[in-house]
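Reviewing the structure listed below.
Index from 1, following the sequence. Quick caveat: nothing in here was measured; it's all calculated off a predicted structure. Quick note: numbers below take in every heavy atom, side chains included, and nothing from hydrogens, waters or symmetry partners.
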Amino acid sequence: MLYEKIIVVDDEPNILTSIRLALSRNFEVICFEQGEDALALLRKPNSINLVLLDVFMKDVDGISILREIKKINKDILVIIMTAFGTKDQAIQALRSNADDFIE
């Protein structure tokens, strides 16, 4: 039985597939390649517990999506993830109420 719902937002399909495979045994994983699609789901009634969010995406940056998520529901946990992180990005993410930052 799945107890938690997780959204993963990354514009790299291979990353989405890898995360889905790693987490789908214990969680319901919903993947999006575009941040706006994830926001559309989050604006509807839902039971999402966690968002894993890439910083660098083609349609919009992850920090902007993070800010919108927290406006929709400040209690949803958001973890920013990136392969090319900087100290400044981590600070910006945490100041924007990210719950964690993973390089």
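Linking ILVMFWY residues whenever their side-chain heavy atoms come closer than 4.5 Å, directly or via other members, leaves Ile91 and Val78 in distinct clusters. Hydrophobic clustering, with ILVMFWY side chains joined whenever heavy atoms are under 4.5 angstrom apart, keeps Leu66 apart from Leu94.
No donor-acceptor pair closer than 3.5 Å links the side chain of Asp10 to the backbone N or O of Leu16. With hydrogens and angles disregarded, a donor-acceptor distance shorter than 3.5 Å links the side chain of Asn49 to the backbone of Lys5. Here the side chain of Asp75 pairs no donor or acceptor atom with the backbone of Asn73 at under 3.5 angstrom.
Counting all heavy atoms, side chain and backbone alike, Ala38 lies closest to Val9 at CB-CG2, 3.6 Å. When all heavy atoms of Leu53 and Gly62 are compared, the pair lying nearest together is CD2-O, 3.2 Å. Minimum interatomic distance between Ser96 and Ile63 (heavy atoms only, all atoms of both residues): OG-CG2, 3.7 Å. The shortest heavy-atom contact between Ile80 and Ala93 is CG1-CB, 3.9 Å. The minimum heavy-atom distance between Met81 and Val8, with the atom names listed, is CE-CG1, 3.9 Å.
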Check the pair Ile7, Leu41 against side-chain contact (heavy atoms from CB on, under 4.5 Å), reporting the backbone distance first and the verdict last.
CA-CA 10 Å; Ile7 287 179; Leu41 175 65; 3.7 Å; yes
Step-by-step side-chain contact (heavy atoms from CB on, under 4.5 Å) determination, Ile19 to Leu23
CA-CA 6 Å; Ile19 293 173; Leu23 299 178; 3.6 Å; yes
Before you tell me yes or no, could you show the steps for Ser64 and Asp61 under side-chain hydrogen bond (donor to acceptor under 3.5 Å, both in side chains), namely the whole-Å CA-CA distance, both residues' side-chain angles and the distance that decides it to 0.1 Å?
CA-CA 6 Å; Ser64 296; Asp61 72 283; 2.8 Å; yes
Walk me through it: do Glu36 and Glu68 pass the test side-chain contact (heavy atoms from CB on, under 4.5 Å)?
CA-CA 10 Å; Glu36 291 299 325; Glu68 289 300 312; over 6 Å; no
So Phe101 and Ile79, side-chain contact (heavy atoms from CB on, under 4.5 Å) or not? Walk me through it.
CA-CA 6 Å; Phe101 185 90; Ile79 298 175; over 6 Å; no
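The shortest distance between side-chain heavy atoms of Asn97 and Lys74 does not fall below 4.5 Å. You'll find the side chain of Leu50 stays beyond 4.5 Å of the side chain of Ile76, heavy atoms only. Two residues are said to be in side-chain contact when any heavy atoms from C-beta on lie closer than 4.5 Å; Val51 and Ile6 fail this criterion. Looking at Leu42 and Ile69, their side chains come closer than 4.5 Å, going by heavy atoms from C-beta outward.
Atom CD of Gln34 and atom NZ of Lys58 lie 9.0 Å apart (nearest 0.5 Å). Atoms CG and CZ, on Leu39 and Phe32 in that order, are 9.5 Å from each other to the nearest 0.5 Å. Lys71 NZ to Arg43 CZ: the interatomic distance, rounded to the nearest 0.5 Å, is 9.5 Å. Atom CD of Glu12 is separated from atom CD of Glu33 by 8.5 Å, given to the nearest 0.5 angstrom.
Residues Asp99 and Lys70 are paired through a salt bridge, judged by an N-O separation under 4.0 Å between the basic side chain and the carboxylate.
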